[in-house]
Amino acid sequence: MEERKWEDLEFDCLVNVLGRVDMESLLLYVPFVCKSWYKASLNPSCWKHLVFPTDVDPEWDLTLIEKFKVWYDIHKCSLYSFIKFVVGLSHGNCTGLSLPDGFSEEVLKYIADECPALISLSLPVDHFQTSESLSILPTLIGKWEHLENLRLGSSDNLVDIITQISLACSKFSSLGVSIATIGGKKRHRQLSLIFRI
């Protein structure tokens, strides 16, 4: 009996498999296996769940964005450009997104416009890098009517965020916050809220 080859796998099945692969593999390795894998890796279904890793790869001693720049011989690529490129691969189909440290207000605005189907959003714990960028979050929540889960590393405007969630996100069920300002006092403990509708 002839052995079947991975590249001969039915396209929809291949897309289904690649949709479960991590971002690094999809960006750096899968496109170079063969033409059919490359074509399948461009399908928006492969980019529905985006987790931007922030850890440094011990083998390379580089973050994913640094590896991406080396791999494709790109000399200039900001974090914003990298996030925009990856999110753009979903063509508006992204339903789960976990952002890295150091994202900007422009990143959140871009995601609000380009990810209307977002169900789960996770923002990093690094309070000092993200607190300024998060100030715009309440004005953007209305664009994510399907949002069900939100994880915040920190928040100085939790009341505004919760207010907007209650107005715009009818299926919302959980909010997790590591650091929040409540009643003028900063609370440095894990806060997890479960909403029941």
Side-chain angles (χ1 to χ4, degrees), residues 14-35 37-137 140-141 143-144 147 149-156 176-179:
L14 186 54
V15 168
N16 188 300
V17 171
L18 295 182
R20 301 162 197 267
V21 172
D22 65 82
M23 185 184 293
E24 180 176 336
S25 297
L26 277 174
L27 285 172
L28 304 183
Y29 308 116
V30 169
F32 299 100
V33 172
C34 62
K35 288 180 182 178
W37 281 42
Y38 169 70
K39 185 179 176 185
S41 74
L42 296 177
N43 190 292
S45 295
C46 294
W47 303 93
K48 287 179 75 170
H49 304 286
L50 304 175
V51 177
F52 286 86
T54 55
D55 297 338
V56 173
D57 183 325
E59 186 178 329
W60 285 64
D61 197 28
L62 299 171
T63 62
L64 177 58
I65 185 172
E66 292 166 340
K67 284 173 75 172
F68 178 78
K69 286 160 55 172
V70 169
W71 200 261
Y72 290 99
D73 196 25
I74 298 170
H75 300 287
K76 291 184 179 179
C77 180
S78 66
L79 181 62
Y80 172 68
S81 298
F82 181 64
I83 293 173
K84 188 175 176 182
F85 168 72
V86 174
V87 170
L89 292 169
S90 75
H91 296 279
N93 292 306
C94 179
T95 57
L97 179 59
S98 179
L99 287 175
D101 291 334
F103 70 89
S104 64
E105 190 175 289
E106 288 76 27
V107 166
L108 279 180
K109 288 178 182 176
Y110 178 79
I111 290 166
D113 291 335
E114 299 299 319
C115 302
L118 207 58
I119 293 172
S120 180
L121 176 62
S122 181
L123 304 177
V125 174
D126 192 334
H127 173 69
F128 299 105
Q129 287 190 18
T130 62
S131 59
E132 222 174 271
S133 302
L134 284 177
S135 64
I136 196 171
L137 188 59
L140 302 176
I141 287 175
K143 295 190 177 189
W144 297 313
L147 193 67
N149 307 296
L150 178 62
R151 298 287 175 264
L152 302 173
S154 62
S155 177
D156 291 331
V177 184
S178 296
I179 304 168

- [ ] Please lay out, stage by stage, how L27 and F85 fare under the test side chain to side chain contact (heavy atoms under 4.5 Å, CB included).
- [x] CA-CA 11 Å; L27 285 172; F85 168 72; 3.9 Å; yes
Task: Verdict with supporting geometry, N93 and W47, side chain to side chain contact (heavy atoms under 4.5 Å, CB included) - done: CA-CA 8 Å; N93 292 306; W47 303 93; over 6 Å; no
Task: T95 vs S120, side chain to side chain contact (heavy atoms under 4.5 Å, CB included): CA-CA, chis, key distance, verdict - done: CA-CA 6 Å; T95 57; S120 180; over 6 Å; no
Open item on the list: Run the side chain to side chain contact (heavy atoms under 4.5 Å, CB included) test on Y29 and W37 for me, step by step, so that the C-alpha distance in whole Å, both residues' side-chain angles and the decisive distance to 0.1 Å come before the verdict.
Closed with: CA-CA 10 Å; Y29 308 116; W37 281 42; over 6 Å; no
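Contact detail for K109 and I136: the closest heavy-atom pair is CE-CD1, 3.1 Å. Scanning both residues, D101 and P124, for their nearest heavy atoms gives OD1-CB, 2.8 Å. The minimum heavy-atom distance linking P116 with G92 is given by the pair CD-O, 4.0 Å. Here the closest non-hydrogen pair linking L152 and L123 is CD2-CD1, 3.6 Å. Closest approach of P31 and S25 over heavy atoms only: CD-O, 4.1 Å.
In this structure, S41 OG and L18 CG are separated by 7.0 Å, a value rounded to the nearest 0.5 Å. Atom CD of E105 sits about 10.5 Å away from atom CG of L137, to the nearest 0.5 Å. Atoms CG and CZ, on L64 and F52 in that order, are 8.5 Å from each other to the nearest 0.5 Å. To the nearest 0.5 angstrom, L89 atom CG is 11.0 Å from N43 atom CG. To the nearest 0.5 angstrom, S81 atom OG is 8.0 Å from I65 atom CD1. Rounding to the nearest 0.5 Å places NE2 of H91 at 10.5 Å from OG of S45.
Two residues are said to be in side-chain contact when any heavy atoms from C-beta on lie closer than 4.5 Å; F68 and T63 fail this criterion. Side-chain contact between L108 and F103: present, with at least one pair of heavy atoms (C-beta onward) separated by less than 4.5 Å. Looking at V51 and D22, their side chains never come closer than 4.5 Å, going by heavy atoms from C-beta outward. A heavy-atom distance below 4.5 Å is found between the side chains of M23 and L50.
The ring-ring contact (aromatic ring centres under 6.0 Å, His included) search around Y80 returns none, not counting sequence neighbours. Remark: L118 engages C94, L97, I111, C115, L121, W144 in a side chain to side chain contact (heavy atoms under 4.5 Å, CB included) (not counting sequence neighbours).
Residue pairs meeting the salt bridge (Lys or Arg N to Asp or Glu O under 4.0 Å) criterion with at least one member in residues 67-84, sequence neighbours excluded, are E24-K67, D57-K67.
Around atom OH of Y38, no more than 12 heavy atoms belonging to other residues, nucleotides or ligands sit under 6.0 Å away.
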